[in-house]
Amino acid sequence: KGERQEPEISVYIAEKGAVETMPMEEYIAGVVAGEMDPKWPLEALAAQAIIARTFTLKKIAESGGVPQHNAHASTDVEEFQAYSAADITGRVREAVKLTRGEVVCHNNQFIHAWFNAYAGPKTALADEGLDFKEGNPPYIHVVESPGEKIIPEEEGQWSAAFPAEQIRAAVKEVTGEDPVSLETIEVGKRGPSGRVTSFNVNGQKISGPSLRIA
């Protein structure tokens, strides 16, 4: 549109299987509504708006967004970010308006705007939490997480069980080798935040975050 004009972006609407064009700030409102409870504090929604805007522009700058759909963004959470136009409220719009056009940069580059629902007692470095291979950015630190004081118990403490065949398939996906049978799975190493950075599966070292993602 021109300098200092709000850009329009193309968004792949996964539910419709179609690409729609909308103003950037309208898209960000949908992301904030999809990623957070619109009833949460205004400052939290505003912070999410800045992170979502940064994430979006970084992806567009790096790869064009979601080139597989010939679009800048996607409403499919596995491809991009959560999005819910139906949950946009006046409170969400106020948070987006408060931060209009604001992003986070480091050395004139958009930051990796990673975020999560709950960080546990501490946040993690990028390699520890995501198996990030490009080195830990200087703006990512291990810090105490105050969320522990307010998180619902069922969301703060939980466990998950997986069939042996599913674990076997995940190990094969990560290592390229089929373990055939799972004799032993042990914690190999922990990172600065206490998260597992590697497991020993049948004596073979495997990345903790990569196994989790698989």
Side-chain angles (χ1 to χ4, degrees), residues 11-17 30-31 33-37 48 51-52 55-56 58-59 62-63 65-69 71 73-84 86-87 112-137 140 142-143 145 147-148 150-214:
V11 181
Y12 175 71
I13 309 298
E15 299 77 12
K16 299 179 181 178
V31 174
E35 291 284 1
M36 299 184 80
D37 186 332
Q48 182 68 48
I51 291 298
F55 177 93
T56 301
K58 183 175 180 62
K59 291 282 283 186
E62 288 181 343
S63 63
V66 278
Q68 65 268 35
H69 297 304
S74 169
T75 63
D76 185 337
V77 68
E78 293 188 6
E79 293 179 328
F80 218 73
Q81 301 173 97
Y83 177 88
S84 179
D87 289 318
H112 290 280
W114 295 301
F115 60 90
N116 52 34
Y118 173 52
K122 294 181 179 180
T123 60
L125 297 178
D127 60 347
E128 183 185 6
L130 299 169
D131 209 11
F132 190 64
K133 303 295 187 185
E134 298 173 31
N136 287 306
I140 301 293
V142 175
V143 297
S145 172
E148 192 170 25
I150 61 171
I151 194 81
E153 186 176 353
E154 67 275 11
E155 293 181 31
Q157 300 291 333
W158 54 273
S159 62
F162 303 93
E165 279 303 306
Q166 190 175 351
I167 298 174
R168 174 186 172 187
V171 171
K172 183 178 180 181
E173 180 183 330
V174 174
T175 65
E177 297 179 16
D178 189 344
V180 184
S181 63
L182 299 170
E183 305 299 333
T184 59
I185 301 178
E186 300 171 323
V187 172
K189 188 177 180 182
R190 294 183 183 271
S193 78
R195 288 168 172 81
V196 176
T197 54
S198 69
F199 287 102
N200 292 323
V201 180
N202 294 354
Q204 179 184 7
K205 182 180 177 181
I206 179 171
S207 159
S210 292
L211 183 60
R212 173 180 61 80
I213 291 168

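For this chain, numbers begin at 1 and follow the sequence in order. All values below come from the heavy atoms of this structure, side chains included, with hydrogens, waters and symmetry mates left out.
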For Glu186, what residues pass the salt bridge (charged side-chain N to carboxylate O under 4.0 Å, His left out) criterion, not counting sequence neighbours?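 Glu186 satisfies salt bridge (charged side-chain N to carboxylate O under 4.0 Å, His left out) with no residue once adjacent residues are dropped.
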Looking at [X] and [Y], what are the two nearest heavy atoms and their distance?
{"X": "Asn202", "Y": "Ser181", "result": "ND2-O, 2.7 Å"}
{"X": "Pro209", "Y": "Gly129", "result": "CB-O, 3.6 Å"}
{"X": "Gln81", "Y": "Ala52", "result": "OE1-CA, 3.4 Å"}
{"X": "Asp87", "Y": "Ser84", "result": "OD2-OG, 2.7 Å"}
{"X": "Ser193", "Y": "Glu128", "result": "OG-OE2, 2.7 Å"}
{"X": "Val142", "Y": "Lys122", "result": "CG1-CD, 4.0 Å"}

If we only count heavy atoms from C-beta on, is the Tyr12 to Asp76 side-chain gap below 4.5 Å?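 Side-chain contact under 4.5 Å: no.
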Is the shortest heavy-atom distance from the side chain of Tyr83 to the side chain of Val11 under 4.5 Å?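 No, every pair of side-chain atoms sits at 4.5 Å or beyond.
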Gap between atom [atom2] of [Y] and atom [atom1] of [X] - 0.5 Å precision:
{"X": "Glu62", "Y": "His112", "atom1": "CD", "atom2": "NE2", "result": "6.0 Å"}
{"X": "Glu155", "Y": "Tyr118", "atom1": "CD", "atom2": "OH", "result": "10.5 Å"}
{"X": "Leu211", "Y": "Thr197", "atom1": "CG", "atom2": "OG1", "result": "12.5 Å"}
{"X": "Asn200", "Y": "Ile185", "atom1": "CG", "atom2": "CD1", "result": "10.5 Å"}
{"X": "Leu125", "Y": "Phe132", "atom1": "CG", "atom2": "CZ", "result": "12.0 Å"}
{"X": "Leu130", "Y": "Asn136", "atom1": "CG", "atom2": "CG", "result": "9.5 Å"}

Strictly distance-based, threshold 3.5 Å: is any side-chain N or O of [X] a donor or acceptor partner for the main-chain N or O of [Y]?
{"X": "Ser198", "Y": "Lys189", "answer": "yes"}
{"X": "Ser145", "Y": "Thr123", "answer": "no"}
{"X": "Asp178", "Y": "Lys172", "answer": "no"}

Using a 6.0 Å cut-off, check whether atom CD of Glu153 has over 12 heavy atoms from anything other than its own residue.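 No.
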Please indicate whether Gln157 has more than 12 foreign heavy atoms, meaning atoms of other residues, nucleotides or ligands, lying under 6.0 Å from its CD.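 No - once you tally the heavy atoms of other residues, nucleotides and ligands closer than 6.0 Å, there are 12 at most.
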With sequence neighbours left out, write down each residue that passes side chain to side chain donor-acceptor pair (under 3.5 Å) with Asp131, or none if nothing qualifies.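 By the side chain to side chain donor-acceptor pair (under 3.5 Å) rule, Asp131 matches Lys133, Ser207, Ser210.
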